[in-house]
Amino acid sequence: MDPVTIFGKDLFPADQPWDVVFDALWVSHSEFWLVAGSGAGADVVSAIPEGDSVRGIGEAVGVPTLSSATDVGVALSVWEGPAPDGAGTLLGTSRIEAPDREVSLVNVEGREPGPVLVLPEGGEHEVRVWRCAEGPERYDIRMWPCPTPE
């Protein structure tokens, strides 16, 4: 997948993320998930999205799609602090616990293998998801470490 073709050159016009991976995946049943680890054995059932909003629980965040069966492009990025807003429709904010510093994307079938984003540190991360406007279905998922309580 060529990210420039799918997302354009200005996905991150001002600041740059700590790291980013791009993925193209087949989605059935109108949803896919961001999960901690490589995705094997993730409890995605408790994170089924409600309506047109993301839903997170523990080690999974569910993302709703417009179509019930389609290909989607996803930009998954991690930031050192709160990420700038993306473009398109904000589907919501959630949190994910990633103790092993890895997150990946899975569909209903579980998918094998997809790219894994390695985070700068493990622990709880804020997740914000945008559906990009116009063209094929594309999603911009930005995450960053939750502030540590003092």
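We're numbering straight along the sequence, starting at 1.
Between V61 and R55 there is no side-chain heavy-atom pair separated by less than 4.5 Å. A 4.5 Å side-chain heavy-atom check between P99 and E59 finds at least one atom pair inside the cut-off. No side-chain heavy atom of N107 sits under 4.5 Å from any side-chain heavy atom of W33.
In terms of the side chain to side chain contact (heavy atoms under 4.5 Å, CB included) criterion, residue partners of V20 (sequence neighbours excluded) are, by chain and number, F12, P17, F22, S77. Partners of P82 under the side chain to side chain contact (heavy atoms under 4.5 Å, CB included) rule, at least two apart in sequence or in another chain, are W144. In this structure S67 satisfies the side-chain hydrogen bond (donor to acceptor under 3.5 Å, both in side chains) test together with E137, sequence neighbours excluded. Qualifying side chain to side chain contact (heavy atoms under 4.5 Å, CB included) partners for D71, counting only residues two or more places apart in sequence or in other chains: W26. E124 pairs by the side chain to side chain contact (heavy atoms under 4.5 Å, CB included) definition with R95, E97, C146, not counting sequence neighbours.
Put simply, CZ on R142 and CH2 on W79 are 5.0 Å apart, with the number rounded to the nearest 0.5 Å. Between S94 atom OG and M143 atom CE the span is 10.5 Å, to the nearest 0.5 Å. If you take CG on D23 and OH on Y139, they are separated by 13.5 Å, rounding to the nearest 0.5 Å.
Within the hydrophobic cluster formed by Ile, Leu, Val, Met, Phe, Trp and Tyr side chains joined at under 4.5 Å, directly or through other members, L66 stands alone, with no partner residue. In the hydrophobic clustering, L90 connects to W130, either directly or through intervening members, whenever side-chain heavy atoms lie under 4.5 Å apart.
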Test log, rule side-chain contact (heavy atoms from CB on, under 4.5 Å), inputs L25 and V72: CA-CA 6 Å; L25 71 153; V72 298; 3.8 Å; yes
Trace of the side-chain contact (heavy atoms from CB on, under 4.5 Å) decision for L11 with D140: CA-CA 9 Å; L11 186 59; D140 180 357; 3.7 Å; yes
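Between the side chain of H125 and the backbone N or O of G123, at least one donor-acceptor pair lies under 3.5 Å.
In this structure, T65 and F32 approach most closely via the heavy-atom pair CG2-CD2, 3.7 Å. In this structure, P64 and L91 approach most closely via the heavy-atom pair O-CD1, 4.0 Å. Heavy atoms only, all atoms of each residue included: A36 and A98 are closest at CB-CA, 4.1 Å. A pairwise comparison of heavy atoms in S104 and P115 identifies CB-O, 3.6 Å as the closest pair.
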Distance-only criterion, 3.5 Å: show the donor-acceptor pairs between side-chain atoms of residues 47-54 and protein atoms not counting sequence neighbours.
residue : atom : partner : partner atom : Å
D52     : OD1  : R131    : NH1          : 3.3
D52     : OD1  : R131    : NH2          : 2.8
D52     : OD2  : R131    : NH1          : 3.2

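Note on residues 75-87: pairs passing salt bridge (charged side-chain N to carboxylate O under 4.0 Å, His left out), not counting sequence neighbours, are D85-R128.
Among L76, L34, L105, I141, the single residue meeting the side chain to side chain contact (heavy atoms under 4.5 Å, CB included) criterion with L117 is L76.
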